[in-house]
Protein chains: 2
Amino acid sequence: MDEPSLARPGPAAPGLKAPTLVESAVTQPTATELIAVIVAVTDRTPRILTVDGATLPAGAFQPGYRSLQASLRSWVEKQTRLRLGYVEQLYTFADHGRTGADQRTISISYLGLTREGPAGRGASWQGWYRYFPWEDHRTGSPLSETLETALRAWAEAAPSPGARTQRRQRAAYSFGFDGHGWNEELTLQRYELLYEASLVEEAPEFRGTPQLGTAMRHDHRRILATGIARLRAKIKYRPVVFELLAAEFTLLELQQSVEALAGRRLHKPNFRRLITQQQLVEETGGSRAETGGRPARLYRFRRDVLLERALGGTKLPIARSR
Amino acid sequence: MDEPSLARPGPAAPGLKAPTLVESAVTQPTATELIAVIVAVTDRTPRILTVDGATLPAGAFQPGYRSLQASLRSWVEKQTRLRLGYVEQLYTFADHGRTGADQRTISISYLGLTREGPAGRGASWQGWYRYFPWEDHRTGSPLSETLETALRAWAEAAPSPGARTQRRQRAAYSFGFDGHGWNEELTLQRYELLYEASLVEEAPEFRGTPQLGTAMRHDHRRILATGIARLRAKIKYRPVVFELLAAEFTLLELQQSVEALAGRRLHKPNFRRLITQQQLVEETGGSRAETGGRPARLYRFRRDVLLERALGGTKLPIARSR
DNA sequence: TTCCTAATACTCCAACGGAGCATAAGGAAG
DNA sequence: CTTCCTTATGCTCCGTTGGAGTATTAGGAA
C-alpha cells in the first residue's frame, strides 16, 4: 500500500560512465534478512507475533519476488497462514558484530497488520505492553515514579552542567514530566533514552536495577518500538485500524482498538463524531445486544475511502487566489 | 535525527534455538548500495546533487561505521565537502536484474539537506522541477492539459468498466482533476501513475509521446519522487527548512523556500503568523534593505525548539479526565 | 417496575486557521 | 522634494474545528 510498487527498469543504458560519486556497489557482499512486526488486536490488547516470546519473526531475503514487500508477505503468509492486511517498511539497519568477522547483516524491518489467528509452530502471540509496560496510559501512568527517579539520577550523573540540563529536558519531553504532556508517539525515543540511560536489559552497561519490561533478543525490542511508534502515528491520518477489526464492528469496539494501540483513553462522543463525520464507516443494519447496555449498531469500513482520501494534512497556509 | 541511533547489542544469548519462523539470514549474499537525494534550495529553486544530470550519487555500503546513516554522511561529506544538516532514510529497494545473474542489489536511499556549494568532480546541481515539471504549482498548473488528456486516454483504455472507473478516480485524486484539489504530497503517487500509464520515459512500454520531464538513470527518478514527497510532508510538522537556509534570513526568504519545496504559493500574513506564533525564530536585530521595499528584519532559527517540540500531531480526541 | 449499563444525540464555547485590509518604511522616478 | 512603487508588518473578521460535558434512549438484570 505504501510501497513504491513499480517493476524496476532494466540495466543502465551504456555510454554513461561512472564518475567519482558513483562507486561500484558490488564490493562488499552482505547477508540480508527481513524482520517482521506482525500486529493484531484481541481483547483490547495489541499483540505481536513472536518466537519464544523474545524474538521477532525473521527470514532470509528470498530473491525471485517482485519486491521486498512481496517477499515478506508471502513468507509470513506461508509460515503462519495469516493474511496480512497492511504491510509497510519500517527501517533498515546495518548490524555489525552479529554474525561476526567481516560479514555484516542488513536487516530490513516491516510492520504488518492482521487479525489474530492460531500461531504456527514455535510462534506465539504476546501483548506488546509486556515489553513496554510504561507505554500503556489507559489507566494511569505505570512505572512513572520509577522512571522519573531513575532518569533523574541519570541526568544528574551527566559529565557537564550543560549535558545535565539537556538530559533533564530530554527525559521531561519524552516522558511528559514537569507538566509536559504525554505524547504516545514517542515510543522509540523513550526506549532509546532508557537504553542510553542503561535502564533496559539490552543496554551494555545495564546493572539490573529496575525491571522495565521483558527484554528481547538482539535489538528486536527497538524494532518493536519503531513499529509501535509508526503505527501510533499512522492511525491518526490513515484508516489502518480496520485491518485489525472483524468485518463488522461496533463503534465502541473500534474506539477500544484505537485506545489499545495508542495506549490512551479517548473521549467517546468526540471519537464518534470524528468517525461519522469523516464517513469512514457505514451501518450494516444489524446490531449487537451483548454489550451490557443498549444494543449497539454494527458498522463496516467503507473500503472506497482508501481511494478517496487525499488526506490533505495541510498545515501550510496555502494561498487560494493569485 | 530521525535515525534510531543506538549502538547495536552484541550477538544473541546462547540457548535460544532458532525455530521455523527464524531462518538463517546468511544464505543469499547481496550487494548493498546507498543512494542519496541531496537537496538544497537556491534562488527559489529546490536543487538536487546529480552525476551528469541523470544519476543520483550512490556508493557502496562501507562497513566500519556506527550505522548506515553515519556511513552515508561521511561518504557524502568527504566526496562533496558539503555538510549535511539533516539526514533521513527514505526506502530500501531490492533491485533484480540490475547487476544481472543471481546477484541482487539492495539499495538503501536517503534524503539529505544542505546548502548549495560547489559540486565536486562530475557532480552538478539540478533544479528538481526539471525532472517533475508538473509538480511546480507556484504559477499555474504546468502541463495539466497534457496530463489530463493523456491520463484520460489511459483510463479509457482500461480492460474492464470497473478498472476504467478506478483509473479515472486515481488520476483525478492524484492530479486534482474534476474539482479535487491539488495535494503537493502525492508526488510519488503521481509519478507511479505516469509510469503505469507509460507516460514517462523509464516505463518499459513508453512510446515517446509527450515529454514529461527529464528521465533519470535506473529508477532514480522514482527515488527522487520519494524524497520530494517525504520532504513536502515533513516541512509541515518538523522545522527542517532551516537546514536549507543561511543562518540569518528574512521571513520572505523563509516563505519562498517553503514555497519552492511545496511547489505552491503561500498566504503571506498567515505564514508569518504561523512562524511567529510557534516561536520557531527569533530576531537577530539586523535588517536587510535590498528587498525592493521596506527593509526586512532578519531572523535566526531557534535551535532549542528541536528539543522542545513534542509536535503532538494529536488528531485523536483524547480524554482528559477519567 | 426499578435500576444499571452502554448507546446515541445534542449543546456550548474557545481556539485555530482562512481571507483580507491598513499602515509603515525604504528606494526610484519625476 | 514629492510622488509612487514595493515590500514589510500588524491587525481584524469570522467560519470551522475540536474539546468538554449533558441529556435521552434502549436493552438486560434485579
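All heavy atoms count here, side chains included; hydrogens, waters and symmetry mates do not. Because the structure is a prediction, the values reported are computed rather than measured. Here is how names work: the chains are called A, B, and so on, in the same order as the sequence lines, proteins then strands, and each is numbered from 1.
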Just by distance, do the side chain of A:Glu253 and the backbone of A:Thr250 share a donor-acceptor pair under 3.5 Å?
yes
Got a second to check how far B:Leu244's CG is from B:Leu261's CG, nearest 0.5 Å?
6.0 Å
Would you compute the distance between atom CD1 of B:Ile318 and atom CD of A:Glu184 and round it to the nearest 0.5 angstrom?
4.5 Å
Nucleotide C:dA6, atom C1' - distance to CD of A:Gln255 in whole Å:
12 Å
Output all residues satisfying side chain to side chain donor-acceptor pair (under 3.5 Å) with B:Thr42, sequence neighbours left out; order by chain, then residue number.
B:Glu116
How many Å lie between CD on B:Glu290 and C1' on C:dG26, as a whole number?
11 Å
Picking from D:dA20, C:dA9, C:dG18, which would you name as closest to the side chain of A:His267?
D:dA20
Check whether any side-chain N or O of A:Lys268 sits under 4.0 Å from OP1 or OP2 of C:dA7, and answer yes or no.
yes
Without decimals, in angstroms, what is the distance between A:Arg297 CZ and C:dA6 C1'?
14 Å
N/O donor-acceptor pair under 3.5 Å between A:Ser174 side chain and A:Ala171 backbone
no
To the nearest angstrom, the CG-C1' distance between B:Leu274 and D:dG10 comes to 16 Å
Per the end-axis method with five pairs at each terminus, what is the bend angle of the helix from C:dT1-D:dA30 to C:dG30-D:dC1, to 10°?
10°
Return the orientation label for the B:Trp182 and B:His137 ring planes: parallel under 30°, perpendicular over 60°, tilted otherwise.
parallel
Quickly work out the B:Asn270 CG to C:dA19 P distance and round it to whole Å.
8 Å
Taking the minimum atom-to-atom distance to the side chain of A:Arg273, which one of D:dT7, D:dA20, C:dA19 wins?
D:dA20
Rounded to whole Å, the CZ-P distance (A:Arg265 to D:dG19) equals 17 Å
Can you classify the ring geometry of B:Phe177 versus B:Phe175 as parallel (below 30°), tilted (30 to 60°) or perpendicular (above 60°)?
parallel
How are the rings of A:Phe242 and A:Phe301 set to each other: parallel, tilted or perpendicular (split at 30° and 60°)?
parallel
Where along nucleotides 22-28 of chain D does protein come under 4.0 Å, by heavy atom, of base (B) or sugar-phosphate alone (S), with - for untouched nucleotides?
B--BBS-
A:Leu252 side chain: which of C:dA6, C:dG18, D:dT7 is closest?
C:dA6
Between atom CD in B:Glu253 and atom P in D:dT7, what is the gap in whole Å?
14 Å
So among B:Glu192, B:Arg230, B:Glu135, which one has a side-chain hydrogen bond (donor to acceptor under 3.5 Å, both in side chains) with B:Thr187?
B:Glu135
Separation of C:dA9 C1' from A:Arg272 CZ (nearest whole Å)
9 Å
